[in-house]
Structures are given as structure tokens and as C-alpha cells.
Amino acid sequence: MADPRLDRLRAVPLFAGCSDQEMRFIASHVEDVDIESGKTLCRKGESGGDFFVILEGKAEVDTGTTKKTLGPGDFFGEIALIDDGPRTATVRSVTAMRSLVLSHDQFRDVLRQNADITVKVLRAVTERLRDATALPSG
Ligand code: CMP
């Protein structure tokens, strides 16, 4: 029988290319969390140990010079995958949200148990970094 939670996770671009077995691994290792509107989830310059994948709702990233709205399928807080060092932006929920929240320790468990998922997550993060720092063409 179709599992609605698995279907929702399958729709997240970050997990594109994950096998059914990998999706089940993610589903059983990471909780969905409800987040109220107006909550600060990361604060620029401060530490924080959580990585977020948005399933429902919207968040706003404020780097100090630019603002950007993120929605379902987007992720943020990737500094926490490696350490709890200073965040690069402040992120707030602008509506009620449902999100996957992965702590640094949970990511370590994923890394230990399923290197393929780790590579997929790191590839998505690297692609975004590459886009953000791309030199203008021409
Ligand atoms: P982190 O530094 O852990 O916490 C703040 C997050 O904001 C950061 O991870 C990214 O996920 C996100 N972020 C920072 N700068 C940008 C940007 N220019 N575009 C989109 N997201 C960003």
C-alpha cells in the first residue's frame, strides 16, 4: 500500500535518485517536525546543529544583503551537516511549516550507515554553493 509520507519524501528534489530502500531508510531515521510561523530557525553568526528540508510551508533566508523565500522541497542549514559553526544567514518560518530536521548526530548516523545518501545530500549542497558563487558568464 502507498505510504503518504514516503510519497512526500520522494517529491523532495534532494532525494531524487534515491532507491526505494534508501527512501525507507530516510523515512525511518528522520522525523517530520511541525514548526510554527515566525520562528527563527538559524541565526546568522550563531551556532546551530540542525539541517532542514521543507516539506510544507515557507521560510525566509536573510543573509544581511539579500532575502530569499524557500518552499517545499528546498533545504537550508547545511553548515550543521559538518559542524555547529557560525550560520551564514538568518532563517525564519514565514508560515507554519512541516520540515525534516536532521541533527548533526543524525547526519553522522546516516553517514555511517548509508554513504550513498550522504553523497547525494552533499552533491545537492555543493551544486547550490556552485550556483551561488558562479562567475557571471561572458
Ligand atoms: P547555514 O549557514 O547552516 O544556516 C543559514 C542557511 O541559510 C545556510 O546554511 C543556507 O542553507 C541558507 N543560505 C545562506 N545563504 C543563502 C543564499 N544566498 N541562498 C539560499 N540560501 C542561503
Side-chain angles (χ1 to χ4, degrees):
M1 210 171 80
D3 176 342
R5 180 158 187 262
L6 266 182
D7 288 343
R8 199 157 44 187
L9 292 179
R10 272 200 193 91
V12 174
L14 181 60
F15 304 132
C18 283
S19 65
D20 284 355
Q21 200 181 353
E22 287 171 335
M23 289 312 302
R24 279 195 295 274
F25 178 89
I26 294 165
S28 63
H29 283 74
V30 190
E31 298 285 315
D32 298 6
V33 177
D34 286 316
I35 299 167
E36 64 194 283
S37 174
K39 210 163 179 229
T40 300
L41 305 167
C42 305
R43 205 180 285 277
K44 187 176 179 178
E46 294 187 2
S47 62
D50 289 328
F51 171 71
F52 299 79
V53 180
I54 302 174
L55 298 175
E56 289 171 23
K58 287 182 181 169
E60 185 185 71
V61 177
D62 185 351
T63 65
T65 51
T66 51
K67 286 187 183 180
K68 202 167 181 175
T69 302
L70 304 179
D74 291 329
F75 61 83
F76 62 92
E78 60 269 21
I79 290 280
L81 296 176
I82 305 305
D83 61 32
D84 63 0
R87 300 287 199 171
T88 59
T90 296
V91 186
R92 281 190 199 86
S93 52
V94 291
T95 67
M97 288 169 62
R98 178 168 274 261
S99 178
L100 292 184
V101 182
L102 199 64
S103 69
H104 182 54
D105 288 344
Q106 278 174 311
F107 188 64
R108 277 195 173 220
D109 277 350
V110 173
L111 178 60
R112 223 175 269 125
Q113 295 180 49
N114 198 320
D116 288 344
I117 294 176
T118 304
V119 168
K120 280 166 189 153
V121 171
L122 293 180
R123 182 168 293 140
V125 169
T126 305
E127 273 166 16
R128 187 161 78 183
L129 181 63
R130 213 176 258 143
D131 287 348
T133 57
L135 291 173
S137 54

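Counting starts at 1 for both ligands and their atoms, following the listed order. In this text the structure is predicted, and so the values were computed from the model without any measurement.
At a 4.0 Å cut-off, not a single heavy atom of Ala132 sits close enough to ligand 1 to count as contact.
Arg43 CZ: 12 or fewer foreign heavy atoms inside a 6.0 Å radius. More than 12 heavy atoms of other residues, nucleotides or ligands lie within 6.0 Å of CD in Gln113, so this atom counts as buried by the packing criterion. Within 6.0 Å of CZ in Arg108 there are 12 or fewer heavy atoms belonging to other residues, nucleotides or ligands.
With a 4.0 Å heavy-atom cut-off, ligand 1 is reached by no atom of Thr66.
Protein heavy atom at the shortest distance from atom 5 (C) of ligand 1 is Ala89 O, 3.4 Å. For atom 3 (O) of ligand 1, the closest non-hydrogen atom on the protein side is Arg87 NH1, 2.8 Å. Protein heavy atom at the shortest distance from atom 19 (N) of ligand 1 is Lys68 NZ, 3.4 Å. Here the protein heavy atom with the shortest distance to atom 14 (C) of ligand 1 is Thr88 OG1, 3.3 Å. Shortest contact from atom 22 (C) of ligand 1 to any protein heavy atom: Val61 CG1, 3.6 Å.
With atom 1 (P) of ligand 1 as the reference point, the heavy atom nearest to it among Thr133, Asp50, Ile79 is part of Ile79.
In this structure, Leu102 and Phe75 have side chains that are not in contact, with every pair of non-hydrogen atoms separated by 4.5 Å or more. For the pair Glu56 and Arg8, the minimum side-chain heavy-atom distance is below 4.5 Å.
Residue Gly77 has at least one nitrogen or oxygen atom sitting less than 3.5 Å from a nitrogen or oxygen atom of ligand 1, judged on distance alone.
Val61 pairs with exactly one of Leu41, Leu70, Asp74 by the side-chain contact (heavy atoms from CB on, under 4.5 Å) rule, that one being Leu70.
Near Glu78, meaning under 4.0 Å from one of its heavy atoms, ligand 1 places the atoms 3 (O), 9 (O), 10 (C), 11 (O). Annotation for ligand 1: atoms under 4.0 Å from non-hydrogen atoms of Arg128 are 10 (C), 11 (O). Set against the non-hydrogen atoms of Phe76, the atoms of ligand 1 under 4.0 Å away are 11 (O). In the vicinity of Thr63, heavy-atom distances shorter than 4.0 Å reach the ligand 1 atoms 15 (N).
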**Pair Leu55-Val12, side chain to side chain contact (heavy atoms under 4.5 Å, CB included): steps then yes or no** = CA-CA 8 Å; Leu55 298 175; Val12 174; 3.8 Å; yes
**Asked** Could you walk me through whether Asp131 and Arg128 pass the salt bridge (Lys or Arg N to Asp or Glu O under 4.0 Å) check?
**Response** CA-CA 5 Å; Asp131 287 348; Arg128 187 161 78 183; over 6 Å; no
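A salt bridge is defined here as a Lys NZ or Arg NE, NH1 or NH2 lying under 4.0 Å from an Asp or Glu carboxylate O, and Arg112 with Asp109 meets this definition.
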